[in-house]
2 protein chains.
Amino acid sequence: MNLKELSQTLGLSQTTVSRALNGYPEVNAETRERVELAARQHNYRPNTRAKSLATGRAMTIGHVIPMATKHEMVNPIFADFIAGASTAYHARGYEMLISMVSDSDESQTYRNLKSRGSVDGVIVHAPKMNDARLDLLNEIGLPYAVHGRATGHTAPYCWLDVNNRSAFHRATEFLIDLGHRRIALLNGFEIMDFAVRRRRGYEDGLRGRGIEVDPNLMRSDEMTEGFGYKSALDMLQGENAPTAFLVSSMLSAIGVRRAIEELNLVLGQDVSVITHDDALSYFQNGEDVPIFTATRSSVRVAGEQLANMLLDRINNPLSAPEQRLFEAELMVGRSTGPAPDRAN
Amino acid sequence: MNLKELSQTLGLSQTTVSRALNGYPEVNAETRERVELAARQHNYRPNTRAKSLATGRAMTIGHVIPMATKHEMVNPIFADFIAGASTAYHARGYEMLISMVSDSDESQTYRNLKSRGSVDGVIVHAPKMNDARLDLLNEIGLPYAVHGRATGHTAPYCWLDVNNRSAFHRATEFLIDLGHRRIALLNGFEIMDFAVRRRRGYEDGLRGRGIEVDPNLMRSDEMTEGFGYKSALDMLQGENAPTAFLVSSMLSAIGVRRAIEELNLVLGQDVSVITHDDALSYFQNGEDVPIFTATRSSVRVAGEQLANMLLDRINNPLSAPEQRLFEAELMVGRSTGPAPDRAN
DNA sequence: ATTCGGATTCAAAGCGCTTTGGATGCCGCA
DNA sequence: TGCGGCATCCAAAGCGCTTTGAATCCGAAT
């Protein structure tokens, strides 16, 4: 059933029916009820394509998810972020279009989305330092909101981020307070903006307490379980082994734990671990007491809020772009304890 | 730049330009080149909305992802499945629309997608026994393909599944061959079709070797880390503890390992574990030797193939619906070994 | 020279909706 | 009685594309 048929059934013009259904005032209350009833009875729903052709609004938001060309790996936080965003779209009548694309094709994808009129705006995932995508989006005039920040981008833009620097700063100090002096950092790729900020927080934390930063204790790679495992195994067996690890993802932290156990050490006694925890729905950090002491911030909540920020921006393009900074919680779990040998 | 403007620039009619770009034969080779060149220069791309309004094809596939209302948990395999499907869509000029919706709203979502003309077909995720969604989709005439199977649905439909029964059968026999007699099953919710099949494989495996099925050794719940941990802790501390676990997901298997280690037992010696491994990109089961012995089947490959099957079906509705059954590989890793006490 | 058919091209209708710019009818008021 | 104004409704244009049906041109066949 389309609008034409529905209006014929009712003996009204398409104009009136359309207006009745879209809540315009210039239609008799009685008529409106009649229309709404008929629409419900006939299960009428306006055709999205036609509607958006007529209005010029796609009522759709695009998510361009970069896949590391190397491993074709999808960021594990993606599903939860999307789930959060989805809630917002659903509530506001928007749909969600997803393009997963190896990072080399990304700019083509944005251009396509814009010129084909498929979306009204996009969420930018995984921003890098001096991210070229933002310039592109400005150039082609596609509204966007960034999950994270892109250091180096000067013009104000809409973003939502976790205070990564402060989170890792606090985590570092927490470990130092427990007597740790040799603290390793297992970080994500340091082209990623968040990874740079985390490192800065870590370094500031050390230096603030007069501890020298040791490059041997810092690794940066794709945040897999294997990365955590191998790095930890390696470092723990080497000379001047760390007594604590600061890890950028739960997944890698699980790898670290595997290494610790393989070496017959005890987590939280011989070796302490703090991880960042995105509070993924399928990857809870324990139920009552957290498995890992963690800097925690829900990526799902981030998704929902950022989606709303983008929609606000689209519906009100002249307002200043909103920005939002989450502070991560430092949750104490069972993976941290006093440094084993204070004399160290 | 739209078609009208482009055709004016070229001094041609819209018809000719449209045909030139869409590869119709009735256009002069020279003209076509001229058109293609101009289109490239002006960065012209047809408006999707207008195109699909005119053709009646949305060139979009919907994925309706159910979220367990209880925990709002998203199935962790989702991202990789989507990544695979995305490859197929990309290659064939389709886009991907995602709706994440708590399972109570699902049928409304399908109805919407259909009557608003947003998609040409959908992928059905996480089929249950006697899944009502398939009847609904048949009724409203929306093409679909199922990831998994829905036991009880009689009419033939398009699906792709892993041979869960045989995988768990083989895994069970593998453990029995190692001398295990008390083998626990940590399964997903048994409303889910795959979970029922896995249980059947497990039970058949036991009975085939004359081992009685013990309900105390079977649990079924949401496949989280915590579920694995708690179940294993519980069972290992109880009387008649199992010597081996058959687990439905890597995540839960990690929980099982945590329990094992907390009890100062050794994985692969005191307790054996086999898990199903969906070969998730961000969750590799070790690099050289697998951490866990596993029944393995790539959910990403499944996504790509099923997407292609759906597109084939849409473009050729009269052909018989295709079906595809993957056999899982049984990969031997470091989590299995002979039963500790053969006298048991 | 005339006709025919193939190769090209075009004008216009149509996809299902919104929205502009009137119509129409009715009431109150001068 | 006549007119302005309000409430209500409608016809038609337009969004950007595809596609039908027809026009045009030109060389080959009659």
Side-chain angles (χ1 to χ4, degrees), chain A residues 1-36 38-39 42-60 93-95 112-120 315, chain B residues 1-36 38-39 42-60 93-95 112-120 315:
Chain A
M1 165 84 45
N2 61 24
L3 186 60
K4 191 172 171 186
E5 289 160 11
L6 182 62
S7 60
Q8 279 167 353
T9 309
L10 283 158
L12 287 168
S13 73
Q14 294 192 38
T15 312
T16 306
V17 176
S18 169
R19 286 190 162 144
L21 293 175
N22 289 310
Y24 282 78
E26 60 268 78
V27 41
N28 189 306
E30 195 183 330
T31 311
R32 167 167 290 139
E33 271 185 32
R34 220 159 53 86
V35 171
E36 283 171 346
H42 294 87
N43 213 15
Y44 168 77
R45 288 190 196 74
N47 180 299
T48 351
R49 310 283 153 166
K51 188 163 185 161
S52 78
L53 183 56
T55 57
R57 327 192 63 211
M59 295 304 283
T60 300
Y94 278 76
E95 308 203 291
N112 259 319
L113 289 176
K114 170 66 181 181
S115 53
R116 312 185 88 114
S118 313
V119 301
D120 296 325
N315 295 314
Chain B
M1 165 85 44
N2 60 25
L3 185 61
K4 190 173 173 186
E5 289 160 9
L6 181 63
S7 60
Q8 280 166 351
T9 310
L10 283 158
L12 288 168
S13 74
Q14 296 191 37
T15 312
T16 304
V17 176
S18 168
R19 286 190 162 143
L21 294 174
N22 289 310
Y24 282 77
E26 59 269 77
V27 42
N28 190 304
E30 194 184 330
T31 312
R32 167 168 288 139
E33 271 183 32
R34 218 158 55 85
V35 171
E36 283 172 345
H42 294 86
N43 212 15
Y44 168 76
R45 289 189 196 74
N47 181 300
T48 351
R49 310 283 153 167
K51 188 163 186 164
S52 78
L53 184 56
T55 57
R57 327 192 63 210
M59 295 303 284
T60 301
Y94 278 77
E95 308 203 291
N112 259 319
L113 288 176
K114 169 67 180 182
S115 53
R116 313 184 88 115
S118 313
V119 301
D120 296 326
N315 294 314

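What you see is a predicted model, and the numbers here were worked out from it, not measured in a lab. Residue numbers begin at 1 in each chain, while the letters A, B, ... track the order of the sequences.
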Considering only side-chain heavy atoms of [X], which listed nucleotide, [options], is closest?
| X | options | result |
| --- | --- | --- |
| B/Asn47 | D/dT8, D/dC17, D/dC15 | D/dC17 |
| A/Arg19 | C/dG21, C/dT18, D/dT18 | C/dG21 |
| B/Leu53 | D/dG16, D/dC17, D/dT19 | D/dG16 |
| B/Thr16 | D/dC17, C/dC10, C/dC17 | C/dC10 |
| A/Asn28 | C/dG16, C/dA11, D/dT8 | D/dT8 |

### Message
For a quick test of reading the model: is some side-chain N or O of A/Tyr44 closer than 4.0 Å to OP1 or OP2 of C/dC17?
### Response
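Looking at the OP1 and OP2 atoms of C/dC17, one of them is under 4.0 Å from a side-chain N or O of A/Tyr44.
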### Message
Between A/Tyr24 and C/dT19, is there a contact of a side-chain N or O with OP1 or OP2 at under 4.0 Å?
### Response
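Result: yes.
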### Task
Could you walk me through whether B/Ser115 and A/Arg45 pass side chain to side chain donor-acceptor pair (under 3.5 Å), step by step?
CA-CA 6 Å; B/Ser115 53; A/Arg45 288 190 196 74; 2.8 Å; yes
### Query
Looking for any heavy atom pair under 4.0 Å, which part of the strands does B/Thr31 touch: base, sugar-phosphate only, or nothing?
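Result for B/Thr31 = sugar-phosphate.
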To the nearest Å, how far apart are [X] [atom1] and [N] [atom2]?
| X | N | atom1 | atom2 | value |
| --- | --- | --- | --- | --- |
| A/Asn2 | C/dG14 | CG | P | 14 Å |
| A/Leu6 | C/dT18 | CG | P | 12 Å |
| A/Lys51 | D/dG14 | NZ | C1' | 17 Å |
| A/Lys4 | D/dA12 | NZ | C1' | 13 Å |
| A/Arg32 | D/dC9 | CZ | P | 10 Å |
| B/Asn22 | D/dG16 | CG | P | 17 Å |
| A/Leu10 | D/dC10 | CG | C1' | 15 Å |
| A/Glu5 | C/dC17 | CD | C1' | 13 Å |

### Query
Hey, which of these two, B/Met1 or A/Gly11, hits DNA chain D nearer its 5' end, going by closest nucleotide?
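Nearer the 5' end of the strand: A/Gly11.
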### Query
In terms of the nearest nucleotide of DNA chain C, which residue is placed more toward the 5' end: B/Ala50 or B/Val27?
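Closest to the 5' end, via its nearest nucleotide, is B/Val27.
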### Message
For a 4.5 angstrom cut-off between non-hydrogen side-chain atoms, does B/Asn47 reach B/Asn2?
### Response
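No, side chains not in contact.
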### Task
Please examine the side chains of B/Arg19 and B/Leu12, heavy atoms only from C-beta on, and report whether any two atoms are closer than 4.5 Å.
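SC-SC contact between B/Leu12 and B/Arg19 ruled out.
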### Query
Under 3.5 Å, is there a donor-acceptor pair between the B/Asn28 and B/Arg34 side chains?
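B/Arg34 and B/Asn28 do not have a side-chain donor-acceptor pair below 3.5 Å.
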### Task
Answer yes or no: are there more than 12 heavy-atom neighbours, outside A/Glu5 itself, under 6.0 Å from its atom CD?
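Enclosed.
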### Message
Let's test your reading of the model: under 3.5 Å, does the base of C/dT19 pair with the side chain of A/Thr15 as donor and acceptor?
### Response
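Yes, a donor-acceptor pair under 3.5 Å.
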